[in-house]
Novice: 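Supplied in C-alpha cells, the structure appears directly below.
Indexing begins at 1, ligand by ligand and atom by atom, following the structure's order. Every value quoted in this text rests on a predicted model; they were computed, and no experiment measured them.
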Amino acid sequence: MQTIHVDLAERSYPIYIGADLLARADLLAAHIAGRQVAIITNETVAPFYLAGLERLLAGSSVTTVILPDGERFKTWETLQLIFDGLLGARHDRGTTVIALGGGVIGDMAGFAAACYQRGVNFIQVPTTLLSQVDSSVGGKTGINHPLGKNMIGAFYQPQAVLIDTATLLTLPARELSAGLAEVIKYGLICDEPFLTWLEEHMSALRALDQVVLAQAIERSCAAKARVVATDERESGVRATLNLGHTFGHAIETHQGYGNWLHGEAVAAGTVMALDMSERLGWITTAERERVVRLFISAGLPVVPPQDMTAEDFMEHMAVDKKVMNGKLRLVLLQGLGEAVVTGDFPREILDATLSADYAAQLALLKN
Ligand code: NAD
Ligand code: GLY
C-alpha cells in the first residue's frame with residue numbers, strides 16, 4: 001500500500017492506494033470518530049462492493065442510501081434523498097458519511113456531508129479511475145444545474161481517501177478510458193516525463209495491471225495533492241487542473257449530461273486547448289499530435305461533437321467558473337508539462353479553435 005498526504009494544515013488527510021484495501025477494516029476505523037455511519041452509493045456499485053464495506057463497519061450503526069446511477073441524477077432532488085436517509089435514521093453531528101462510487105457519488109455525498117448539520121465527517125471510497133485520480137482528492141463537492149455543470153457546491157475536504165485498485169476490475173472499459181483522460185492531464189499540466197511513462201504503459205493500464213494502475217494513480221494523486229496544498233480554493237494554480245474542462249464542460253452540457261462521459265469531454269476539450277496553444281505558437285504541431293495519439297491509445301475521442309457550433313461553445317463557456325468580470329479565461333499549454341491560466345489571447349484565435357475542423361486534423365495525423 002502507498003500513502004500520499006494532502007497537506008492542508010488542520011484539514012490534512014491521507015490517500016491510501018493499493019489492491020484489496022476494501023478488506024482492511026483498520027484503515028477506515030482510524031477515521032471514523034462516532035458510532036453512526038452513512039454509506040452513500042448507487043444501484044450499480046452497491047451489488048459489487050456494498051456488502052463488503054458493510055462487513056468492515058460491523059461495529060457501527062450503518063445507514064445505506066442507494067441513489068440512481070448517472071450524471072443526470074447529480075441534482076438537488078437526488079441530494080435530498082441523502083438528507084432524507086440521514087434525518088430519517090436520526091444521524092447526529094458525530095456521523096461519518098462514506099461515498100462509495102465514482103465522481104458523481106463522491107461529489108454529491110461530499111456536498112451532503114458539507115451541508116448536513118453544517119458539516120460532518122466524510123470519507124471517500126472512489127471506485128472509478130477518474131474518481132481515484134481526481135474527484136476524490138481536493139475537496140470539490142457539488143451538483144449540476146441545468147444551466148451549468150458543478151455550479152452549486154462547496155469546498156469540503158474528506159478525512160481520508162481509500163483507493164482500492166481492485167474495484168477497477170469491474171469498471172466498464174469506456175469508463176476506464178474516461179479516467180485515463182484525467183491521468184494524461186497531469187502529465188500535460190505539470191509532469192512531462194509522465195507522458196513518456198504513459199506512452200510506455202498504456203497497454204498495461206488498459207489491461208488492468210494492478211501494479212501499473214497503482215503507480216499511475218499514485219503519481220496522479222501526488223500531482224493533485226501538490227497543487228491542492230498550494231491553492232486549496234482555486235485562486236491560482238489549481239485552475240490548471242481544469243485543462244480541457246472549459247471546452248469539455250460545454251460539450252457535456254450541450255450534449256446532455258451523461259451522453260458524453262466527463263473524461264471523454266475533457267479529452268476532446270483538451271484537443272481544443274492544444275489546438276489553441278498551437279495557434280498561439282506555444283506548442284508545436286508535433287507536440288499536439290503526440291498528445292492526440294496518446295488520447296487515441298487510451299480509447300478516447302479526439303474530435304469534438306460535429307453538431308456543436310462556435311456559438312454553442314461560447315454560450316456554454318460564458319458560465320464557466322473561470323470567467324472573471326465577464327472575461328473568459330482558459331487553461332492553455334506553453335509547452336508539454338507547462339500549463340497557464342490566461343484571458344490574454346486574441347479573440348480571433350479562440351474563434352479559429354472553436355470552428356476548426358478536428359476531423360480533418362485527425363485525418364492528417366493518420367496519413
Ligand atoms: P460516475 O460516478 O458516473 O461513474 C461512472 C460509471 O461507473 C457509473 O455508472 C458508476 O455507477 C459506475 N461505476 C463506478 N464504480 C464502478 C465499479 N468499480 N465497477 C463498475 N461500475 C462502476 O463517473 P466518474 O467518471 O467517476 O465521475 C464523473 C463525475 O466526477 C462528474 O460529475 C464530474 O463533474 C466529477 N468530477 C469531480 C471532480 C472534483 O474535483 N470533485 C473532478 C473531476 C470530475
Ligand atoms: N478537478 C479539478 C479540481 O479538483 O480542481
Novice: OG/S203 to CG/D209 distance, rounded to the nearest 0.5 angstrom?
Specialist: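 Result: 11.0 Å between the selected atoms.
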
Novice: Run the numbers for me: atoms of ligand 1, each under 4.0 Å from some heavy atom of G103, listed by number.
Specialist: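 That gives atoms 2 (O), 24 (P), 26 (O), 27 (O), 29 (C), 30 (O) of ligand 1.
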
Novice: Check this for me - ligand 1, V45, N or O atoms closer than 3.5 angstrom, yes or no?
Specialist: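 No, since none of the N or O atoms of V45 sits under 3.5 Å from an N or O of ligand 1.
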
Novice: For E43 and ligand 1, answer yes if some heavy atom of the residue is under 4.0 Å from a ligand atom, otherwise no.
Specialist: no

Novice: Record the part of D69 in heavy-atom contact with ligand 1 below 4.0 Å; permitted values are side chain, backbone, both and neither.
Specialist: side chain

Novice: Given that the side chain starts at C-beta and the backbone is N, CA, C, O, which of these parts of K224 lies under 4.0 Å from ligand 1, counting heavy atoms, or is it both or neither?
Specialist: side chain

Novice: Indicate, as side chain, backbone, both or neither, the part of T141 found under 4.0 angstrom from ligand 1 when only non-hydrogen atoms are considered.
Specialist: neither

Novice: Any idea which atoms of ligand 2 are less than 4.0 Å away from a heavy-atom of N242?
Specialist: 2 (C)

Novice: Among L67, L261, L171, whose heavy atom sits nearest atom 7 (O) of ligand 1?
Specialist: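 Selected option, by shortest heavy-atom distance: L171.
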
Novice: Show the atoms of ligand 1 that are less than 4.0 angstrom away from any heavy atom in S135.
Specialist: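 Near S135, the atoms of ligand 1 are 36 (N), 37 (C), 38 (C), 39 (C), 40 (O), 41 (N), 42 (C), 43 (C), 44 (C).
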
Novice: Does ligand 1 have a heavy atom under 4.0 Å from the side chain of K140, from its backbone, from both, or from neither?
Specialist: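 Both backbone and side chain of K140 come within 4.0 Å of ligand 1.
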
Novice: Provide, to 0.1 Å, the distance between atom 1 (N) of ligand 2 and the closest protein heavy atom, together with that atom's residue and name.
Specialist: D134 OD1, 3.1 Å

Novice: Are any of the N/O atoms in K140 less than 3.5 Å from those in ligand 2?
Specialist: yes

Novice: What atoms in ligand 1 come closer than 4.0 Å to a heavy atom of K149?
Specialist: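 Taking each heavy atom of K149 in turn, ligand 1 has 31 (C), 32 (O), 33 (C), 34 (O) under 4.0 Å.
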
Novice: Any atom of ligand 2 sitting under 4.0 Å from a heavy atom of K224?
Specialist: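 A heavy atom of K224 does come that close to ligand 2.
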
